[in-house]
Amino acid sequence: MAVTALVGAQWGDEGKGKVIDILAEKSDMVVRAQGGNNAGHTVVAGGITYKLHLIPSGILYKGTVCVIGNGTVVDPAVILSEMEELQKRGVDLSQLKIDARAHVIFPYHIVLDELSEKARGAGDIGTTKKGIGPCYMDKAERIGIRMCDLIDPAVFREKLTRNVQIKNDIIVKLYGGKPVDLASVLADYTAYAQQLAPYVCDTSVLVYDAIKSGKNVLFEGAQGALLDLDVGTYPYVTSSHPVSGGFCVGAGVGPTLIDDVLGIAKAYTTRVGKGPFPTELNDATGDRIRNVGAEFGTTTGRPRRCGWLDAVILRFAVRVNGLTGIALNKLDTLSGLPTLKICVAYKKNGKILRDFPADIAALEGCEPVYEEYEGWTQDITQAKSIADLPPAARAYLQAIEKHIDCPVKMVGVGPDRTQNLEA
Ligand code: GDP
Ligand code: IMO
Ligand code: MG
């Protein structure tokens with residue numbers, strides 16, 4: 001298996017957590033490299049559901065080293081409660097490592113996420129309001145506070161004092177909001193620092209050494225290609241780089257060290273938050289997919305917008321990530337639909353577009369060009385191999401491979417780690 005990167009190929013929530021958990025069994029190390037607790041990764045193992053936001057989905061295997069890399073943003077309160085929850089369930093955390101360079105989310109980031117979204121009015125992004133964007137803003141402005149600062153009391157006090165002053169000015173003077181209290185943030189975060197300090201180290205060295213010594217290393221993507229700050233549907237994106245290149249920057253490894261890139265997609269398309277979505281179904285079929293697929297956000301509980309599979313998007317994901325394969329989840333959700341549609345191109349002003357437009361304004365008015373496929377009625381949740389699937393389901397998979405020029409290597413037929421078919 002060597003070194004595999006796993007990325008979301010759509011707008012997030014493709015079932016990355018489930019596939020990571022499956023591949024983690026054979027992995028020595030699982031690495032998160034971007035995003036924070038805007039992510040919500042669900043793992044169902046032995047009838048128990050785990051919802052992970054920051055801790056890599058490999059944590060359920062004892063001995064697997066789980067790394068939170070330098071490109072992530074860490075909310076200490078969230079990671080500590082996630083750790084506590086896992087410990088209560090008997091999960092071993094001794095192999096958890098947090099990079100010293102990872103940036104820390106503070107209460108003023110969360111307040112500013114809320115206030116800036118409110119100020120955008122109808123033009124809001126629909127963020128998770130976890131302070132992700134404002135924390136990455138501080139990183140880019142070079143005033144961010146990192147894990148290494150958090151665990152150094154003198155440095156921390158100085159940087160926090162400066163930042164609270166700057167942020168309170170913005171909160172109060174620009175937005176008319178309520179200032180955050182320096183003393184209470186200092187006290188809370190000093191306590192968090194003591195609890196987290198034993199986990200903090202230079203994870204780039206750990207990852208490099210693991211790869212060099214031939215260990216199986218898995219990079220766990222959060223979000224998805226269309227939420228990438230650079231190549232996604234800007235401005236309706238997150239503030240990090242969910243594409244495969246994000247692992248290089250966010251885990252401190254060079255691109256030549258990654259062997260395979262597996263894209264995770266759903267057998268249809270979903271999105272939470274605002275922004276364009278060409279194949280969205282605002283009808284009974286969309287409602288049916290949402291209800292059967294339980295399409296409600298893991299992090300915010302928001303109903304996910306649902307629509308047909310979009311091969312234009314998947315071709316984009318193949319290109320920007322250099323995908324070597326696709327894992328297609330939730331094929332079971334489509335069982336019982338009489339006809340399935342795959343969007344193979346967009347049509348605008350009489351012209352056919354095969355590539356996803358760079359500018360979302362260009363996406364406006366794009367009509368999906370669909371190909372129709374026969375559905376199936378059988379329950380496929382107990383299938384043990386792709387050969388067990390009804391012919392119509394296999395034809396649907398073959399059509400996807402043809403349209404995206406990338407092999408489907410795994411197929412999900414249910415949420416449990418056992419409900420995964422390998423090609
Ligand atoms: P992630 O953010 O990419 O890890 O995905 P989420 O966990 O947010 O959302 C995916 C949801 O689909 C979770 O509730 C999973 O348990 C569930 N899921 C994953 N794969 C399958 C599948 O093949 N079939 C079904 N029915 N559910 C699945
Ligand atoms: P996983 O890892 C789906 C979306 C938000 C919003 C936009 C910006 O579970 O796939 P942010 O809070 O990041 O500034 O919000 O990005 N978003 C996600 N959507 N899955 C996720 O993560 C997401 N993380 C962020 O809904 O539209
Ligand atoms: Mg999710």
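Order of appearance sets the numbers: ligands from 1, and atoms from 1 within every ligand. FYI, the numbering just counts along the sequence from 1.
Residue G40 has at least one heavy-atom neighbour below 4.0 Å for each of these atoms of ligand 2: 1 (P), 9 (O). Atoms of ligand 2 found under 4.0 Å from any heavy atom of V237 (numbered from 1 in listed order, with element): 7 (C), 8 (C). The G273 neighbourhood of ligand 2 comprises atoms 27 (O), with distances under 4.0 Å to a heavy atom of that residue. Atoms of ligand 1 found under 4.0 Å from any heavy atom of G412, numbered from 1 in the order shown, are 23 (O). In summary, the atoms of ligand 2 found under 4.0 Å from a heavy atom of W11, numbered by their order in the structure, are 3 (C), 19 (N). Residue K16 has at least one heavy-atom neighbour below 4.0 Å for each of these atoms of ligand 2: 1 (P), 2 (O), 10 (O). Taking every non-hydrogen atom of A39 and a distance limit under 4.0 Å, the qualifying atoms of ligand 2 come out as 1 (P), 2 (O), 9 (O), 22 (O).
At under 3.5 Å, not a single nitrogen or oxygen of K274, backbone or side chain, sits near a nitrogen or oxygen of ligand 2. Residue contacts with ligand 2: R302 is placed with a nitrogen or oxygen under 3.5 Å of a nitrogen or oxygen of the ligand (distance criterion only). For the pair A222 and ligand 2, the shortest N or O to N or O distance does not fall below 3.5 Å. For ligand 1, the polar-atom distance check against V44 finds no nitrogen or oxygen pair separated by under 3.5 Å. Taking distance alone, with nitrogen or oxygen atoms compared against 3.5 Å, T128 approaches ligand 2 more closely than that limit. Checked against a 3.5 angstrom limit, the closest N/O atoms of E14 and ligand 2 fall outside it. Polar contact check, D113 against ligand 2: no nitrogen or oxygen pair lies under 3.5 Å apart.
Not a single heavy atom of S239 sits under 4.0 Å from any atom of ligand 2. Proximity of Q419 to ligand 1 is not established, as no heavy-atom distance is less than 4.0 Å. The closest approach between G126 and ligand 2 falls below 4.0 Å for a heavy atom of the residue. Ligand 1 lies within reach of R304, whose nearest heavy atom is under 4.0 Å from it. In this structure, G8 has no heavy atom closer than 4.0 Å to ligand 1. R304 does not count as a contact of ligand 2, since none of its heavy atoms falls under 4.0 Å from the ligand. In this structure, G414 has a heavy atom closer than 4.0 Å to ligand 1.
Other residues, nucleotides and ligands contribute over 12 non-hydrogen atoms within 6.0 Å of the OH atom of Y175. At most 12 heavy atoms of other shown residues, nucleotides or ligands fall within 6.0 angstrom of atom CD in E25.
Of the listed options T238, D124, V272, V272 places a heavy atom closest to atom 27 (O) of ligand 2. Considering each of K18, R417, K330, the one bringing a non-hydrogen atom nearest atom 27 (N) of ligand 1 is K330. Summarising the contacts of atom 14 (O) of ligand 2 with V73, T233, L229, T127, the nearest heavy atom is found in T127. Distances from atom 4 (C) of ligand 2 to the heavy atoms of L52, L227, N37 show the closest one on L227. Looking at K130, Q10, Q223, Q34, it is Q223 that brings a heavy atom closest to atom 21 (C) of ligand 2.
In this pair, Y373 and H403 present their aromatic rings perpendicular. The plane angle is above 60°, beyond the 30 to 60° band. The aromatic rings of F106 and H109 lie tilted to each other, with the angle between the two planes from 30° to 60°. The aromatic rings of F277 and W11 sit tilted relative to each other, their planes meeting at an angle between 30° and 60°. In this pair, F316 and F356 present their aromatic rings tilted. The plane angle is within the 30 to 60° band. In this structure, F219 and F247 have tilted ring planes: the angle between them lies in the 30° to 60° band.
Judged by distance alone, with hydrogens and angles left aside, the side-chain atoms of R146 form no donor-acceptor pair with the main-chain N or O of N70 at under 3.5 Å. Of the possible polar contacts, none joining the D149 side chain to the I145 backbone as a donor-acceptor pair under 3.5 Å is found. Put simply, the side chain of K330 gets close to the backbone of G293: a donor and an acceptor are under 3.5 Å apart.
When heavy-atom distances to ligand 2 are checked against a 4.0 Å cut-off, Y236 has no atom that comes that close, whether in backbone or side chain. Here I264 has no heavy atoms under 4.0 Å from ligand 1, in either its backbone or its side chain. Contacts between H41 and ligand 2 below 4.0 angstrom, taking non-hydrogen atoms only, involve the side chain exclusively. Counting heavy atoms closer than 4.0 Å to ligand 1, residue T298 contributes side-chain atoms (C-beta onward) but none from N, CA, C or O.
In summary, of the residues considered (K18, K51, K16), a side chain to side chain contact (heavy atoms under 4.5 Å, CB included) with H41 occurs for K16 alone. Among the candidates L309, I342, T269, the single residue satisfying the side chain to side chain contact (heavy atoms under 4.5 Å, CB included) test with L314 is L309.
Protein heavy atom at the shortest distance from atom 2 (O) of ligand 1 is G40 O, 2.8 Å. Looking only at heavy atoms of the protein, atom 15 (C) of ligand 1 is closest to T42 CB, 4.0 Å. From the protein, the heavy atom lying nearest to atom 4 (O) of ligand 1 is G17 N, 2.8 Å. In terms of protein heavy-atom proximity, atom 1 (P) of ligand 1 is nearest to K16 N, 3.5 Å. Scanning the protein for heavy atoms near atom 26 (N) of ligand 1, the closest one is D332 OD2, 2.7 Å. Scanning the protein for heavy atoms near atom 10 (C) of ligand 1, the closest one is D13 O, 3.7 Å.
Pairing each heavy atom of P303 with each of V272, the nearest pair is O-CG1, 4.0 Å. Considering all non-hydrogen atoms of both residues, T285 and L281 come closest at CG2-CD1, 3.9 Å. When every heavy atom of A210 is checked against every heavy atom of V217, the shortest pair comes out as CB-CG2, 3.9 Å. The nearest pair of heavy atoms linking L227 to V237 is O-CB, 3.4 Å. Closest heavy-atom contact between A39 and A222: CB-CB, 3.8 Å.
Here the straight-line distance linking atom CD1 of I68 with atom CD1 of I79 works out to 3.5 Å at 0.5 Å rounding. Y268 contributes atom OH, which lies 6.5 Å from atom SG of C306 (distance to the nearest 0.5 angstrom).
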With salt bridge (charged side-chain N to carboxylate O under 4.0 Å, His left out) as the test, would you mind laying out the steps for K130 and D75 before giving the verdict? CA-CA 9 Å; K130 304 292 181 192; D75 184 325; over 6 Å; no
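Around the Mg ion (ligand 3), the protein atoms of type N, O or S found under 2.8 Å away are D13 OD1, G40 O, listed by chain and number.
Ion pairing of K118 with D124 is absent here, as no side-chain N (NZ or NE/NH1/NH2) approaches a carboxylate O to less than 4.0 Å.
Side-chain atoms of H103 and D138 form no donor-acceptor pair, as typed in the model, at a separation below 3.5 Å. D310 and Y346 share a side-chain donor-acceptor pair at under 3.5 Å. Judged by distance alone, the side chains of T127 and R120 never bring a donor and an acceptor atom under 3.5 Å apart.
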